[in-house]
Amino acid sequence: MDERAPSQTARRVVIGLGDAANLPEADELPTESMPLNMGPSHPAMHGTVRMVLEVDGEKIRSVDVQIGFLHRCFEKEAENATWTQIFPYTDRLNYVSPMLCNVGYALAVEKLLDIDGRIPERAQFIRVIVGEISRITDHLTCLAASAMELAAFTVFFYLMKAREWFWELLEEVSGARLTHSYVRIGGVVADLTDDFCPKLRDVLRRCRAAIADADKLLTGNRIFRDRMDGIAIITRDDAIGWGLTGPVGRSAGLDYDVRKDHPYLVYDRFDFDVPVGSKGDNFDRYAVRLEEMRQSMRILEQAMERLPAGPVLLDDARVALPPKREVYNTIESMIAHFKLIMDGIVVPPGEIYSFTEGGNGELGFYIVSDGTGQPWKCRVRPPCFANLAVLNKILPGLFIADIVPTFGMINMIGGECDR
Amino acid sequence: MAGEPQALPASRAKLKMVIDGKAHEFPAGLTILEACQRVGIAVPFFCWHPGLSAPAVCRQCLVEIKGFPKPIPSCYTLVADRMEIITNSPKVLDVRRQMLEFTLLNHPIDCPICDKAGECLLQKHYFDWDARLARNDGSKVRKAKVVDLGRHIVLDQERCILCTRCIRVCNEVARQADLVMAFRGDRQLLTTAPGKRLDNPYSLNTVDVCPVGALTAKDFRFSMRAWELWATPSVCPGCATGCNIEIHAARNRIRRLVPRLNPAVNKYWMCDEGRLSYKPVHQSRLAAPTVAGAPASWDAALAEAARLLAAARDKSPSTLGMVLSAQMTNEDLFAFSRLAGENLRIDRVYLTGAEQGWCDDILVSADKNPNTTGARLIGGPTLRSAADLKQDLEAGVVTALLVIGEANSVGPLDSLPILVVLAWHRDPPVSAASVALPLAMWAEVDGSFTNRQGKVQRLHAAVAPAGQSRPGWEIAVRLAEALGATWTYANARQVFSAVCEKATLMSGADWGKPEIPVQLRFANSRG
Amino acid sequence: MAKIILDRLLEQFVAGEILETGSQHGNEWARVAPANWRAVAQFLRDDPVTALNMFIDLTCVDRLGRKPRFDVVMHLYSVDEKHRVRLLAGLPEDDPSIDSVVVLWPGANWFEREAFDLYGVRFAGHPDLRRILMYPEFVGHPLRKDFPKEGRQPLLRRLPGSVD
Amino acid sequence: MPFSVYTSKLAQAVNWARKFSLFEYPFVTACCGMEFMATWAPKYDIARFGAELPRFSPRQADLLIVVGTITERQGPVLRRIYDQMCEPKWVIAYGVCASTGGFYQNYSTMPGADQVIPVDIYIPGCPPRPEQMLDALVMLQERIQKGEGHSQVVLRAERGYVAPDVAIRPDGNAKEGAGR
C-alpha cells in the first residue's frame, strides 16, 4: 500500500486480508470506547428501558440498564384501594398475561382470608384454563415481537393472528380483550360461556398449526439461528444467584416451575412437562417458550376434559358479592353489597408471601394487612425485574446487534418490571 | 362508660360470674351488656346507648342466662353474683338473627341514597352477625319519607327502626319531651309530641344517636357521603365549655362537627350552635396580606408591619397597644404576649372576644369564647378589657394598635394612624388597617384551648389554611425576626412547651401524640 | 415443612441475634437483629441443611407509628430443599441503614436499589446505591406512608395556553 | 382572486396526499401497545388506511401515536421526540393514560400526554379496541384534509392566516387554549 504511511506503526497492517484476526494486540486498528445511548424510545426497547452502553466499536464494554420509565406506583395505588379494586391494577402489571396476575393476587388474599381451601373446584379449573391461555398469549407475543425485531415480519403476523383467537375467547368470558379483571377473591366473576370448550379446542388446533409454521420459519432459519445460538449465555449458577425464574431460568438449566414444585390450584392433577434448556443462550429461551406453549395446550385439554360442574364463586356474603337481583330487591343483599364495595372485604391482620408461575417466572405477592378494608402494603415480586437485572452481567462482550434478540428473549414487560 | 374500664374503689363489692365459660369479677350495679364490653365480648344492640337509659326495645342484645327459660336482654339486666351467661350459643345467635330479620323486614332499600350509609349500625350488625340472603322480598310497609321535625332535623319514617334513642336524648339530655312514638305494630311511627316541634338546642344529637338514616341533619344531608369523610379530633370553638369534637372534612372543606366522648366535659353530646360553628371557617376569609388595602407578599407585608410597629415603639411605647382575642389558641396568645413584652415593650394589652350570650346548665356557657381562661392565664393580671380599649381610644391615649383576631367589639379604628391587623375574616378593621395579615383559624392549626374548667385541650389541623393565611404563632415569630429578635420556635409544639414552662396552671398539660386523620370507611362503623 | 430452617437458625444464633420467629399461612419468618443481617443470610445460604441458595425478593415495609419504623424484608428459596423463609429486620426512622447482601447474591442489587429509592433505606456496602424507578431529580421516598399519593415533581410541563 | 383559489386547491391536494400516507411513530410505553400491535396484525390491518408503515425515527414520521402511560420521567423524552418530528405533524393519544392519566393518579404518572405536547385526537379506553384506533385514524384524516391538524393550524398562523378556534384544541374547547 502507501509507502509514505505514517511512521508510528511499526508494521504495515492489511485489514480484511489473511490473518487479521490473530495479529498481535498492538497492531489492531486503534479504537477508543464511546458511550452509546439506547432508548428509552427505541424499536427494540419496548418503549420503557434505557441502556447506556460503553461500546468499543461494535463490542459492548459495559452497560447500565435504566428502568422506571413506566413506574405507575402499583403499591401506592394498592394502599389506597380496597382489596377488590386492586384487580384492575394487577391486570396492568404483566399486561401480556393479565389472568396470571389476577390469579396470583387472588390466591394471596385468599390465603390471608383462610378461604383458600374453600374455593369452588370449578372456579379453580377455570382459573387454570384462563391462566394457561394467558401464558400462551404471553409467549406468543414475546416470540412474535422478537421475531419482528429480527425482521421476520411474517412470523409476527402468524403469531399475532393466533393471539387474536385467544383474545376473542377471553373476551367472550370476561368482556375485555386484554385487561380482563376476571378473577375475584373467592373465585371468578362469571362462568365460562356454554360453547367455550369446543371453541377453545378449535382455537388450539389452529394455534398448533400457527406455532408449527413459526417453528418452521424460525428454528431452521440461518439468519435467526445465527443471532440466537450461543448468544448471551446464562449459567445455572447465575440463574440462582440472580434469582432468575420462568423461561429464562429454565433455559439456563434451573429446573424450577412453581406449578410443578409447589402446585397450587389444581395443577397437581395435570400431566405436563417442564422444558429445560441445556446451554442457556437465546435460542434455548426461544425453544423453551415454544415448548411451554405446547405444554400449556396439553394442560388446557386435560382441564377441559375434567372441568367439573358447580358454582364459580365462593358462597360467603362477607367475601363475594351477592347476586344482582337480590341486591336490587332485598335490603339484606343491598347492605352486603354496600359493605363489600364501600368498606371493602375485611382481611384479618397478617402477612403472606404467595407465589405463582407467571408468564415470566415466579410472580410473588407479599401482602401486609392491618385488618382494614385496604392493604397496608401490597408488594409484587416481579419476575422480569430480576430477569432484566442480569443483562448488566451478560451483555458486556456481546455486539450491539445482540442486544435486540437478547432483550427480546428476556421478555421484559414494563408494567411488571417498573410496576 | 361503655368500652372504657374505670378504676373501681376497692371497697365496692365484686360479684363473681361466668361469661362464655370464663370467670370474671364485676362491681354491682353493672348491666350484663356493660360487663361483656368490659371483658371485650361483643354484643350487638340498637336501642342501648352508653349515655342513655335502657328500655330494651330492640331485643338485639339478647343473651342466655343459666337457669332462665328464655334469652334475656343484656342491656337492662343487672349482673348478679354467680350468674352464668352465654353470649354465643347457637340459640342466642339464632334469636338475634330473627330479631334482626324483623328489623330489616320493613326497612327500605335506601343505602345508595341514605345519609347514614357507611356509618349505619343496622348495616354493621347485619354484616357482622347475619350476612345471609333475605328469606322474603315481599312488599314493605310504606310511611312518610320526608317529615320536617324542626329547625335542623328531617325524619324519614320508613328508615326508622323504632329504637327510641332520639326520644330519650330529648328527654334525658335536652330535658324536653319533643318526640314520641305513635300507633303500634308495623304502623308504629316516630313523630313529634302534640303541639311540639323538635326545636330544643340539642336536637342534632338525635341525628348522632340514630342508628340508621331516619333522622338527618338539614345542614349535612345530601352534601357528602359519610364514608368519604376524614375524621380529625378537635375542640368546639363555640363557647367556653370546650366540647370535644371530631371534625369531619373532605376535599379540604369541613362538612360537619360531631361530639367526641369526654366524660369530664361533654360526655357524648354537644349543642346545635356548636355544630354549626364551623361555618365561619369557610366564609369571607382574609386570603392574602394587604398593605394599605392593596395585596402584598408576606415578606413585604411583614417588613412594613415591623417598620410601623418599631416606629411607634421608638416614638413612645405608651401610645402603642395590642389587642388579643379570647378565640386565639394558647400558643398564639403566648407568642404575641412575648412579642409585646420583649420586642415591642407594650404595656397596654387588651383582651376582646365575642359578646356574652345565652347559657344553660347543660353544656352551653354564656362566654362565647373558647379560650378566655387561657387568655387570662397567659395575659396575666395586667390584661385590660375591651371597655378600657374604648376609653383609651376615645381619650387618644393609644395611637398605634396591633390587633390580633377579630376586633369587631371594639369601635371604629379608622382614626388610628398606625393599625396592624392579623385577621381571620374581612372585617371592618381590615379595611382601615395599614397592614393586614391573614390568620389561620382553629380548624386549620395545631394548638390548644383552655376551657372554663381549666382543662387544656388539643386542636388538630383538619383542613389546610385558607388562602395564604398562617398560624398566629408563626406570624409572631416572623414579626419578631423582622424586629431583630431570633426565636427558635419551629412548630406549635415547641411554643406549647414554652407556655407550659411559663404559665403555672398549664404546667403538666400534655401535647399528646400526633393524630393521623382516618377516613370513616376504614375506621369501622361509628354507629 | 420449613420449620427446620428456624430450628437451625435458633441453634446457630443466640437470642439477641434472632429476635423472634414464627409461622403464618405456611410462611416461616424470622426477625433478625440488623447487625446480624448479612451473617444470618450467609449462614442460611451456605449451611447444607437450609441451603437457601436462591435470592427471591427484598423489600421494605413502612410501619408508621411503630418503633422501629421500617422493616427490611427478604425472601430466600432453596432450589434443592424446595423450602423458603422470610427474614425481617427492623430499622429506626432516623437512620434506616443495614448491610447489603449483594456480595452474597448479585441479584439483590436492583432490589436494594429499589428499597433505597422508594423507602430511603441505605444499604452499607452496596456497589452503586442510586435511584432506580424514580428519576435522580426526585426528592423524597414516595412509598413512605407520609408521602402524599399525588406528590408529583414534574420534570417538564407545557406553558399553559401555549400553541406550540 | 385566482392565486388564492390556486393555493387553496393546491393545499387540498397536498392534504389529500398527506392523509393517505401517514408515517407513524408509535411511542409505545405500556399495555396499550398490546392492542396497538393488534391493529397492525392481520385481523384489523391498519394498512388499509395507508398508515401501516412504522418509522422508528421521529425525523421520518409525521404521526406520533402516544401509546400507553406517560410518567413524569418519560415527559422530557416524549417532548424531545415531538420536537424532532418535521412539520406538519399530528399526535394521537391512544388510551386514557395517554389522554388523562387514567386511573393512575399518583406521584409518578403524568395526567395526560398533552401536559407536554399538543394532541390532535384522544382515544378513550383502557386499552382502546383496535376499531377505535382505526376510527381515530379516520377522524384524523378528515382533520388533515380540512387542514385543522394542530401543527397545520400553527403553520398557517405563522404564515399570517387566521387559525380556526376549533383546531386549537381538538375537543373543540377553544377557550382554554392548548394548555390544560
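Since we're looking at a predicted model, the values are computed, not measured. Below, read A as the first sequence line, B as the second, and so on, with proteins coming before strands; counting in each chain starts at 1.
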Novice: Report which part of A:Val327 has an atom under 4.5 Å of a heavy atom belonging to chain B: side chain, backbone, both, or neither.
Specialist: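 Just its backbone gets close to chain B.
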
Novice: Do B:Phe127 and A:Asp343 come close enough that some side-chain heavy atom pair is under 4.5 Å?
Specialist: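 A side-chain contact under 4.5 Å is absent here.
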
Novice: Side-chain contact, heavy-atom cut-off 4.5 Å: B:Leu104 with A:Glu332?
Specialist: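 Side-chain contact under 4.5 Å: yes.
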
Novice: State, yes or no, whether a side-chain contact exists between B:Cys120 and A:Ile335 at a heavy-atom distance under 4.5 Å.
Specialist: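 Answer no - side chains too far apart.
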
Novice: Just wondering, are more than 12 heavy atoms of other shown residues or ligands nearer than 6.0 Å to CG in A:Asp315?
Specialist: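 12 or below, so no.
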
Novice: Restricting to non-hydrogen atoms, name the atom on A:Ile331 and the atom on B:Pro108 that form the minimum distance, rounded to 0.1 Å.
Specialist: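 That would be CD1-O, 3.3 Å.
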
Novice: Of the listed residues (A:Thr330, A:Thr82, A:Asp316), which shares the most heavy-atom pairs with chain B below a 4.5 Å separation?
Specialist: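 Greatest number of close heavy-atom pairs with chain B: A:Thr330.
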
Novice: Does A:Asp194 have more than 12 heavy atoms from other residues, nucleotides or ligands lying within 6.0 Å of its CG?
Specialist: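 Atom CG in A:Asp194 is not packed in, count stays at 12 or less.
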
Novice: Between A:Met342, A:Glu326, A:His337, A:Met334, who has the most heavy-atom pairs with chain B when the cutoff is under 4.5 Å?
Specialist: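 Of A:Met342, A:Glu326, A:His337, A:Met334, A:Met342 has the most heavy-atom pairs under 4.5 Å with chain B.
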
Novice: A quick test of your reading: do over 12 heavy atoms of other residues, nucleotides or ligands sit less than 6.0 Å from CZ of B:Phe222?
Specialist: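 Counting other residues, nucleotides and ligands, CZ of B:Phe222 exceeds 12 neighbours.
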
Novice: Given 3.5 Å as the limit, does a donor-acceptor pair link the side chain of A:Arg318 with the main chain of B:Ala131, or not?
Specialist: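 Side chain of A:Arg318 to backbone of B:Ala131, a donor-acceptor pair under 3.5 Å: no, none is there.
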
Novice: Search all heavy atoms of B:Gly118 against all heavy atoms of A:Phe338 and return the closest pair with its distance.
Specialist: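 Smallest interatomic distance, heavy atoms only, reads N-CE2, 3.5 Å.
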
